[in-house]
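Everything on this sheet refers to the single structure shown next.
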Amino acid sequence: MPNSLRILVVDDEEIVHRSLRRAQQRGRIDAELKDANNGAEALELLSGQPTDTPIVGVLLDINMPIMDGFEFLSKVRAIADYDHLKIIMLSSSDEPSDYNRAMKLGADGYQVKNSANSLVEAISRLKEIVGE
């Protein structure tokens, strides 16, 4: 892929990954997308990423098996090597308590996923935060 923006999408719903791939194929997303199905998988992927083209942004679901989004966010924010990561929570929950918890743990944004457009909007927000 010609661009350098690498985004990790952490969500256990296959429809989210498919929707983002479809938007990418249609030219609505100009970024390299990496997929993980839970927080543990995402941490493993981050630890093995190339240092010359690091992942700079994460779209992170809250409710996932094995390691949920809050636990992942807490662990990542405790690792200095990942200080550069911009993380937007991407959740079906619009509960203020989830939003507040995400912000308190160090999320850079919060997007309710209620359509394919909301997924593309989340990518656009990440690009703005990263400065792409």
Side-chain angles (χ1 to χ4, degrees):
M1 186 158 277
N3 65 59
S4 61
L5 183 64
R6 296 179 78 217
I7 296 173
L8 176 58
V9 180
V10 188
D11 199 306
D12 62 323
E13 294 182 36
E14 184 57 35
I15 192 162
V16 169
H17 297 287
R18 279 196 319 262
S19 294
L20 286 169
R21 295 280 178 229
R22 207 170 16 258
Q24 188 179 42
Q25 290 168 348
R26 292 179 178 156
R28 295 183 65 204
I29 296 174
D30 183 24
E32 180 182 345
L33 303 178
K34 297 290 184 184
D35 296 331
N37 294 308
N38 59 64
E41 204 176 284
L43 279 177
E44 187 176 318
L45 200 150
L46 283 173
S47 68
Q49 71 176 321
T51 54
D52 59 334
T53 57
I55 291 169
V56 295
V58 179
L59 291 184
L60 180 62
D61 187 27
I62 293 175
N63 297 313
M64 298 177 289
I66 303 172
M67 182 188 294
D68 71 19
F70 291 131
E71 185 179 354
F72 172 86
L73 182 58
S74 179
K75 287 180 183 287
V76 163
R77 289 302 186 223
I79 302 170
D81 287 349
Y82 302 137
D83 285 348
H84 70 281
L85 281 179
K86 301 303 180 193
I87 300 174
I88 292 182
M89 299 302 285
L90 182 66
S91 180
S92 55
S93 171
D94 61 359
E95 291 296 319
S97 60
D98 286 336
Y99 171 85
N100 292 334
R101 184 174 177 196
M103 295 299 113
K104 191 175 283 187
L105 288 171
D108 296 290
Y110 193 99
Q111 176 78 38
V112 176
K113 60 178 176 181
N114 52 15
S115 69
N117 281 339
S118 65
L119 300 175
V120 174
E121 287 171 21
I123 296 278
S124 294
R125 287 182 61 206
L126 255 180
K127 289 177 78 169
E128 288 173 16
I129 292 170
V130 170
E132 284 281 321

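Below, all heavy atoms of this structure are taken into account, side chains as well, without hydrogens, waters or symmetry copies. Not measured: the values here are computed from a predicted model. When a residue number appears, it is its place in the shown sequence, counting from 1.
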Exercise. Between Arg125 and Asp108, does at least one N-O distance fall below 4.0 Å, as a salt bridge requires?
Worked result: no

For this session: Kindly say whether Val56 contributes a backbone atom to a donor-acceptor pair with the side chain of His84 at under 3.5 angstrom?
Result: no

Problem set entry | Nearest non-hydrogen partners of Pro65 and Asn38, listed with the distance | O-CB, 3.1 Å

Problem set entry | Flag side-chain contact, heavy atom, 4.5 Å: Asn100 against Glu95 | no

For this session: Kindly compute the distance separating CD (Glu128) from OG (Ser124), expressed to the nearest 0.5 Å.
Result: 7.0 Å

Exercise. Do other residues, nucleotides or ligands put more than 12 heavy atoms under 6.0 Å from Ile15 CD1?
Worked result: no

Exercise. Taking atom CG of Leu33 and atom CD of Gln24, what is their separation to the nearest 0.5 Å?
Worked result: 4.5 Å

Exercise. How far apart are the C-alpha atoms of Ile7 and Leu20, what are their side-chain angles, what is the distance that settles it, and do they pass the side chain to side chain contact (heavy atoms under 4.5 Å, CB included) test?
Worked result: CA-CA 11 Å; Ile7 296 173; Leu20 286 169; over 6 Å; no

For this session: Give the minimum heavy-atom separation between Asp35 and Glu41, together with the two atoms involved.
Result: O-OE2, 4.2 Å

Problem set entry | Joint cluster assignment, Val9 & Ile66, ILVMFWY side-chain distance < 4.5 Å | no

For this session: Over all heavy atoms of both residues, which pair between Lys113 and Val16 is shortest? Give the atoms and the distance, please.
Result: NZ-CG2, 3.9 Å

Problem set entry | Leu59 side chain reached by Gln111 side chain, heavy atoms, under 4.5 Å | no

Seminar exercise, completed: Tightest non-hydrogen contact, residues Met67 and Met64, listed as O-CE, 3.7 Å

Problem set entry | Residue among Leu60, Val10, Asp68 satisfying side chain to side chain contact (heavy atoms under 4.5 Å, CB included) with Leu73 | Leu60

Exercise. Once you round to the nearest 0.5 Å, how far does CD1 of Ile87 lie from CZ of Arg77?
Worked result: 4.0 Å

For this session: Assess whether side chain to side chain contact (heavy atoms under 4.5 Å, CB included) is satisfied between Leu5 and Asp30, documenting all intermediate values.
Result: CA-CA 8 Å; Leu5 183 64; Asp30 183 24; over 6 Å; no

Exercise. Should Pro54 and Tyr82 count as side-chain neighbours, where that means a heavy-atom distance under 4.5 Å?
Worked result: no

Exercise. In Å and rounded to the nearest 0.5 Å, what is the CZ to CG distance from Phe72 to Leu46?
Worked result: 5.0 Å

Exercise. With a 4.5 Å limit on heavy-atom distance, are the side chains of Arg101 and Leu105 in contact?
Worked result: yes

Seminar exercise, completed: His17 and Asn37 have their tightest heavy-atom pair at NE2-OD1, 3.8 Å

Problem set entry | Heavy-atom pair of closest approach, residues Asp61 and Ser91 | OD1-CA, 3.9 Å

Problem set entry | Any side-chain heavy-atom pair of Leu85 and Ile55 under 4.5 Å | yes

For this session: Taking atom CD of Glu14 as the centre, report whether more than 12 heavy atoms of other residues, nucleotides or ligands fall under 6.0 Å from it.
Result: yes

Problem set entry | Residues which pass ring-ring contact (aromatic ring centres under 6.0 Å, His included) with Tyr110, listed by chain and number, not counting sequence neighbours | Tyr99

